Number of protein chains: 2
Amino acid sequence: MSVPSVAPSIQPAQALPAEPTQASRFGKARSAQSGALLEDYVELISDLLASGGEARPTDIARRFGVAHATAIKTIGRLKREGLAVAKPYRGVFLTEAGDHLAARVRARHRVVVDLLLALGVPCEAAESDAEGIEHHVSDATLAAFARFLAQG
Amino acid sequence: MSVPSVAPSIQPAQALPAEPTQASRFGKARSAQSGALLEDYVELISDLLASGGEARPTDIARRFGVAHATAIKTIGRLKREGLAVAKPYRGVFLTEAGDHLAARVRARHRVVVDLLLALGVPCEAAESDAEGIEHHVSDATLAAFARFLAQG
DNA sequence: CTCGGAATGTAGCCTAGGCTACACTCTGTT
DNA sequence: AACAGAGTGTAGCCTAGGCTACATTCCGAG
Ligand SMILES: [Mn+2]
Ligand SMILES: [Mn+2]
Ligand SMILES: [Mn+2]
Ligand SMILES: [Mn+2]
């Protein structure tokens, strides 16, 4: 997950290699991707809670276009990661960490869409591409996007 | 419909059209991601073949920062998908399809990096983020990026 | 020509994230 | 109060993409 700037756990320290550059870039892309699904989940759950008052597994599954069992399994992962809480048959809620993450993800999502639109990308393509791009936008890049949008 | 503005209290009985929109966007992002690794592999193999004359599993593995067994397994997938050919202990080569894909991927990669740099993203962040972003850039978005770079 | 080390390949294990099938719980209607 | 149907949860299977451990092949020194 890239948004909260959470550092990876451990590294075996690979001192010798002369070019860890390229490998580290691929590694970053891989780990960013692993957090993408959780980011989308907290964002959607936050939306559902804000608008309808409750976030049910079936609603979540339908919005993502996956089977309800898949959504439930991912919700379990959200719980393990401390981003959500849920008691059986009682809907899903976000922890403070989940709420905070959702806010960052939502803001970043908006900036990415706005940037694409500002560059002349057609609306539907902007929305569609942003859904994937957003998870690979670092803080530095996000800041650059915001600067560009601010000045016009 | 991206981030909902406010609570729309009641649905206007739009039961039929449902909302394949959001689900299809997530679906696109997911499938784009599934091709990301193969794209990076053909691009790297093409680079290795062009510069050194051969692409060996160990080289590939080192550049990606993964175990050689992982690289070999992915090369197997490239072969299944008709993008590469490889005989045991003889190195990896690209098919015509793989070559074409590599060319497209390389061009897109360059445009994405150039765009980020043009927007003022620091060099290393641009290279790093582009490695993930590139796989989610549609043709329409790529065209918009190119237009922006062309004029300035 | 032989041999040892590097490269390559294979086997098996793990998690994430899909799916279907089936079982259980809740709830609105009758 | 009962029950049908919707919603929820569980179990089990699959593939992709990581890993380690071990087996095999190749090749350059000696
Ligand atoms: Mn997304
Ligand atoms: Mn999003
Ligand atoms: Mn890439
Ligand atoms: Mn690339």
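Side-chain atoms are counted along with the backbone in the values below, which use heavy atoms only and exclude waters and symmetry mates. Computed from a predicted structure; not experimentally measured. First the proteins, then the strands, lettered A, B, ... as listed; each starts at 1.
- The line from CD1 of B:Ile60 to CG of B:Asp40 is 12.0 Å long, rounded to the nearest 0.5 Å.
- Of the possible donor and acceptor atoms, one in the side chain of B:Thr95 sits under 3.5 Å from a partner among the backbone N and O of B:Gly82.
- With C:dC26, D:dT20, D:dT24 as the candidates, the nucleotide lying closest to the side chain of B:Ala69 is D:dT20.
- Checked by distance alone, B:His68 brings a side-chain donor or acceptor within 3.5 Å of a matching partner on the base of C:dG9.
- If you measure from atom NZ of A:Lys79 to atom P of D:dT8, you get 13 Å, rounded to the nearest angstrom.
- Spacing between atom CZ of B:Arg30 and atom P of C:dA16 amounts to 17 Å, rounded to whole angstrom units.
- Following rounding to the nearest Å, A:Ile75 (CD1) and C:dG18 (C1') show an atom-to-atom distance of 15 Å.
- Distance CD1 (B:Ile72) to P (C:dA6): 17 Å, rounded to an integer number of Å.
- Protein atom CD1 of A:Ile60 is 9 Å distant from nucleotide atom P of D:dT8, rounded to whole Å.
- Out of D:dC19, D:dT8, C:dA7, the shortest distance to the side chain of B:Arg56 is found at C:dA7.
- Of all the heavy atoms in B:Leu142 and B:Val137, the pair that sits closest is N-CG1, 3.6 Å.
- Toward the 5′ end of DNA chain C lies the nearest nucleotide of B:Asp59, the other residue of the pair A:Tyr41 and B:Asp59 mapping further downstream.
- Here D:dC19 presents its C1' atom at 17 Å from CZ of B:Phe64, a figure rounded to the nearest Å.
- Computed from coordinates, the A:Glu39 CD to C:dA16 C1' distance equals 15 Å when rounded to whole Å.
- Between A:Pro88 and B:Lys73, the residue anchored closer to the 5' end of DNA chain C is B:Lys73, taking for each the nucleotide with the nearest heavy atom.
- The side chain of B:Tyr89 lies closest to D:dT24, out of D:dT8, C:dC19, D:dT24.
- Between B:Phe148 and A:Phe148, the ring planes are perpendicular. Angles over 60° get that label, and only those under 30° would be called parallel.
- Here B:Thr70 lies in heavy-atom contact (under 4.0 Å) with a base.
- Remark: B:Thr74 is not in phosphate contact with D:dA16, judged by side-chain N or O atoms under 4.0 Å from OP1 or OP2.
- In terms of phosphate contacts, A:Thr58 brings a side-chain nitrogen or oxygen within less than 4.0 Å of OP1 or OP2 of D:dT8.
- The interatomic distance linking A:Arg90 (CZ) with D:dG9 (P) rounds to 10 Å, in whole Å.
- Residue B:Arg80 places at least one side-chain N or O closer than 4.0 Å to OP1 or OP2 of D:dA16.
- Judged by closest nucleotide on DNA chain D, A:Lys87 is the one of B:Leu37 and A:Lys87 placed further toward the 5' end.
- Note: B:Leu44 CG to B:Arg106 CZ = 10.0 Å, rounded to the nearest 0.5 Å.
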